[in-house]
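Quantities reported herein were computed from a predicted structural model and do not represent experimental measurements. Reckoned from all heavy atoms, side chains included, excluding hydrogens, waters and symmetry mates. So you know, we letter chains A, B, ... as the sequences are listed, proteins then strands, and number each from 1.
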There are 2 protein chains.
Amino acid sequence: MVKFVAGLSRESIIDVQGLVSVPSVPIKGTTQQVEVQVRKLHCISKAMPTLPLTSRMQQEAGEQLVRVNQDTRLNYRVLDMRTPANQGIFYIQHEVGSIFRKFLESEGFEEIHTPKLIAGTSEGGSAVFKLDYKGQSACLAQSPQLHKQMAICGDKERVFEVGPVFRAEDSYTHRHLCEFVGLDVEMEIKKHYSEVMDIVDRLFVRVFNHLNEKCKKELDAVRRQYPFEPLKYLRKTLRLRFEEGVQMLKDAGVEIDPYGDLNTESERKLGQLVLEKYGTEFYILHRYPLAVRPFYTMPCYDDTKYSNSFDVFIRELLEERAKACGIDVNTITTYIDSFRYGAPPHGGFGVGLERVVMLFCGLNNIRKTSLFPRDPLRLAP
Amino acid sequence: MVKFVAGLSRESIIDVQGLVSVPSVPIKGTTQQVEVQVRKLHCISKAMPTLPLTSRMQQEAGEQLVRVNQDTRLNYRVLDMRTPANQGIFYIQHEVGSIFRKFLESEGFEEIHTPKLIAGTSEGGSAVFKLDYKGQSACLAQSPQLHKQMAICGDKERVFEVGPVFRAEDSYTHRHLCEFVGLDVEMEIKKHYSEVMDIVDRLFVRVFNHLNEKCKKELDAVRRQYPFEPLKYLRKTLRLRFEEGVQMLKDAGVEIDPYGDLNTESERKLGQLVLEKYGTEFYILHRYPLAVRPFYTMPCYDDTKYSNSFDVFIRELLEERAKACGIDVNTITTYIDSFRYGAPPHGGFGVGLERVVMLFCGLNNIRKTSLFPRDPLRLAP
C-alpha cells in the first residue's frame, strides 16, 4: 500500500478507511493532534503527474517572489483556487453577498431580477457589448439602473438586485473588469435623500463588522498570502459635503474647481486628509456638483448647482456612483413613460461585489476577487 | 382643496397631512376602520390624465374577459405591476430565491458567480446568443454548468448560483424565455448520487412549506386574479425510478421505449398516474437512460444503460435537468483540464426561478413571473 500511495500524484483524490488515534508523542508542526492509521486506501480521481501549478508552490511563493504570476494563476484557476487565501477570498465574497441580502431583507427590500439583454444602452457613455437579438440590435446591460427605477414606479417600495453587469471598456487597470457582480439598491424616499445614505451607512458597517467578527479565519488566510492592514471605519459613517471636501483640499494647497468632478489624484488626497482628520477609510461624499452627475440625478432643493447624490469611498473610490430622485428626459421611452404614470420620489446606489472584497482585503488586483475574471484580454477559462 | 383633488388624475402620488380618527359609524366595504381628515394635500407626482391601463381595470377584468391582454400588460409593465396579483407574484419570487439561499447556506453551500460571457458554448445543442468580445467570438452562457463544476474541482465542496441564463431558442411556448434566472447547485458526493436528490427533496419541500405558511396573503391575491389549486406534495418527496415510471405507463397502455426519453405527452400522462397513485404533483424521476442525457452524466455503476441522473417534476416538467458525476470529454479544454487536476465526485441540478413560481402558482404563462420578460419577440421594456 505504501508503494501505491507513493506512486500517487499530488492533488489526487482518495478515499481512506482507517483508525483515528491519539499518538503517544504529540505531533509537532500541525494543529491536528490525532492521526489516522490507514487500513484501506482507494484513489477515486488521479491527478496528472505534473501539474501546471500547485497550491503549495503558490503559498510558498506568495506575491513577493512572483514565481506564479497573476495570468498563470488565472489560466489554471481551478488549481489556483485551492490555496487557503483563495478559499478565504471567495468565502468572504459569499458572506458579503449574504449579509447584503439579509440586511436589506430585514429593512423591507425585495429582490428583483432585471433583464441583462436590453434594446437601448442602459446608462449611455461607456462602451457596451452589442449583439444580434433575433434580428434586432441589442446590448448587455451596463447596470440595472433604469429597470430598478421602473420597479419602484411599479409600486415595489424598496428593491435590490445581485446580478452581472457588463462593461465593454478597454480598461487594463487593476480595478476594472468587463463583467462583474453588481449589488444594486433602489428605494422610495419619504422626505430626504439622506434616507438612502442611512441605508448605505448601516449596510456597509454591518458588512464590515460581520467580516471582522465571523470571517477571522478566512481573513487570516488571505493576510498570510497577501498582507494587509484592517480597514479603518467608524461606527457611524462620516458624511462629508462636497463643499467641505473641496475646502479640505484647498486648505491642503490643492487647486480645485468647486463645481467640477474630483480626479483620481484629488480623491486619493482627500482620502488621506479624511483618514488624518477623522480616522476612517470609509466615508460618504455627498451633494456633488450637478454638472458632473448622470441625467437621472436630482438637483438640490436649496442650491441647483449641487445634486442629491453621493459617492461611497472605501480606502479608495468605490466607483459605482449613487444618486437620488432621478427625473429627466432621455431616449428610452418605456423608462420615461414610467414616470408619467405617477412616480414616487426614489433613490439608490450600486457597488461592485468584487471591488468591495478587493478593497476590504486590501488586495492589489480585482482579478483576485473574481472567480473567472473577464477583462479586455481574458475570456477564459 | 376638494376641487384640486377631484382634478388629480388616477395613480398620481400625493403627500397628505391629516387627522386619523375612528368614525362614529363603522366603515363598510373596507378592512380599514379609521379615516383621515385631510388638512393639507400636496401632489408630488402627477400621472398622465389617461393611462394606457389601470390596475383597477386589470383586477376587474382578470384573465377571463381578456380586456387587457398579456402583450398589453407587458408593454406597460410598470402599470401592470401595480395589481395585487402581480405584487404577490413578485413577492413570492423574492421569497423563493430567499429560501433557496437560506436553505443552501444552512447546508454549507457557498454562493459563487460564474461568467456569463464565455468563449465556447456552455452546453452545446440549443441556440446561443453570439457576440463579438474584443475581436474574439463569444457567447452568453446557457447555464453555469461547466463553471460550477470547475468550482467544485477548485475545492469548493458545495456551491450554488443565482443568475441569468440565456437561451436563443425560437420557442413561442407559454413556458420558455430567452433569458431567465437559473437557480443552480453543485456538490461533492460522498457515497451516492442520492445525496443530491436528498438536497432537492428537502429544498423544495422547504420552499413549498414556506410559501404556504408565510405567503398566504400574496397567494390569495394571485388566486383572486388567477384561480388555482394548491400544489399537492408529500412531506418526503416521491422518488420514482425511470423503469418504474415506464412500467406505470405500460400498465396504463402507453407504448414506450424503455431506453428512450419521455415526450411531453408521456410525461403528462405519468404525472397524472403518479397523482392518482401517490397523491403528489411533485416528484423526482431518476436513473434516466444514459443515451438521452448530456455528455457530463455518469453511467450507473450497476447498469450502464442507465445514468446517475434525475428530473424534477412540479405539476408538469421542471425542464432543467439534474445530473450527477460528470466526467467525459468535450471541446472545452479548461473544463476538461479541471478533471485532470484531481476531481471529487460531484453532482448537481438547476431550475428556473420563473418556472418554479409559475408552476407553484398554477399560472398559464411564464411571462407572468418575469418582471421584464425576454422572448423571441420581446426585448422591451
Side-chain angles (χ1 to χ4, degrees), chain A residues 11-13 44-48 51 77-79 81-82 87 90-91 94 97-98 101 105 110-119 129-131 133-134 136 138 147 150-151 153-156 162-164 166 178-179 181 334-335 338 340-345 353 371-372 374 376 379-381, chain B residues 11-13 44-48 51 77-79 81-82 87 90-91 94 97-98 101 105 110-119 129-131 133-134 136 138 147 150-151 153-156 162-164 166 178-179 181 334-335 338 340-345 353 371-372 374 376 379-381:
Chain A
E11 302 288 326
S12 293
I13 310 236
I44 53 172
S45 176
K46 208 168 178 171
M48 298 160 74
L51 294 171
R77 185 54 139 171
V78 163
L79 285 167
M81 276 175 73
R82 294 180 187 173
Q87 292 289 315
F90 291 104
Y91 182 76
H94 159 83
S98 181
R101 278 201 190 84
E105 282 187 23
E110 205 173 300
E111 185 171 19
I112 55 167
H113 301 280
T114 66
K116 304 309 157 204
L117 286 166
I118 55 174
F129 288 109
K130 290 187 185 123
L131 71 157
Y133 186 93
K134 308 280 170 193
Q136 280 185 75
H147 285 94
M150 285 163 77
C153 293
D155 270 6
K156 289 287 178 200
V162 177
F166 306 91
C178 290
E179 178 180 348
V181 179
T334 50
Y335 170 69
S338 305
R340 299 210 168 104
Y341 308 147
L353 174 60
L371 213 43
F372 301 104
R374 296 292 180 256
L379 184 58
Chain B
E11 302 287 325
S12 292
I13 311 232
I44 53 172
S45 176
K46 208 167 178 172
M48 299 159 77
L51 294 170
R77 186 52 140 176
V78 163
L79 285 168
M81 277 175 72
R82 296 180 185 174
Q87 292 288 316
F90 291 105
Y91 182 77
H94 159 83
S98 180
R101 279 202 188 83
E105 282 186 22
E110 203 173 299
E111 185 169 21
I112 56 168
H113 301 279
T114 66
K116 305 309 155 204
L117 286 167
I118 55 175
F129 288 108
K130 291 184 184 125
L131 70 157
Y133 187 92
K134 308 279 169 194
Q136 281 184 73
H147 285 94
M150 287 163 75
C153 293
D155 271 6
K156 288 289 178 198
V162 177
F166 305 91
C178 291
E179 178 181 347
V181 179
T334 50
Y335 170 68
S338 306
R340 299 208 169 106
Y341 308 146
L353 174 60
L371 213 44
F372 300 104
R374 296 292 181 253
L379 183 58

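- Residues B/Met150 and A/Pro381 share a closest heavy-atom pair of CE-CB, 3.8 Å.
- Chain A forms the most heavy-atom pairs under 4.5 Å with one residue out of B/Lys46, B/Glu105, B/Gln136, and that residue is B/Glu105.
- Heavy-atom pairs under 4.5 Å with chain B were tallied for A/Gly163, A/Ser12, A/Pro344, A/Gly97; the largest tally goes to A/Pro344.
- The contact between A/Glu179 and chain B is made entirely by side chain atoms (from C-beta outward), counting heavy-atom distances below 4.5 Å.
- Smallest separation of non-hydrogen atoms from A/Ile13 and B/Gly342: CG1-C, 3.9 Å.
- Note on A/Asp155, A/Leu353, A/Val162, A/Leu131: by heavy-atom pairs under 4.5 Å with chain B, the leading option is A/Asp155.
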Check your understanding: Which is it for B/Arg101 and A/Glu111 under the salt bridge (Lys or Arg N to Asp or Glu O under 4.0 Å) test, yes or no, and what are the steps along the way?
Key -> CA-CA 12 Å; B/Arg101 279 202 188 83; A/Glu111 185 171 19; 3.0 Å; yes

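- Put simply, the side chain of A/Leu379 does not reach to within 4.5 Å of the side chain of B/Lys134, judged on heavy atoms.
- In this structure, B/Arg374 contributes its side chain and A/Leu117 its backbone to a donor-acceptor pair below 3.5 Å.
- The parts of B/Lys116 that come within reach of chain A are both its backbone and its side chain, each placing non-hydrogen atoms under 4.5 angstrom from that chain.
- Using a 4.5 Å heavy-atom threshold, the side chains of B/His94 and A/Lys156 count as separate.
- Residue contact with chain A, scored on non-hydrogen atoms closer than 4.5 Å, involves the backbone and the side chain of B/Glu110 alike.
- Here the side chains of A/Phe90 and B/Ile112 are not in contact, with every heavy-atom distance at 4.5 Å or above.
- At a 4.5 Å heavy-atom cutoff, the contact between B/Phe166 and chain A is made by side-chain atoms alone.
- Put simply, the side chain of A/Arg340 never gets that close to the backbone of B/Leu51: no donor and acceptor are under 3.5 Å apart.
- Nearest approach of A/Val78 to B/Ser338, heavy atoms of both residues: CG2-OG, 3.4 Å.
- A/Leu371 is not listed as a side-chain neighbour of B/His147, based on a closest heavy-atom distance of 4.5 Å or more.
- In this structure, the side chains of B/Thr334 and A/Arg77 stay at 4.5 Å or more apart for every pair of heavy atoms.
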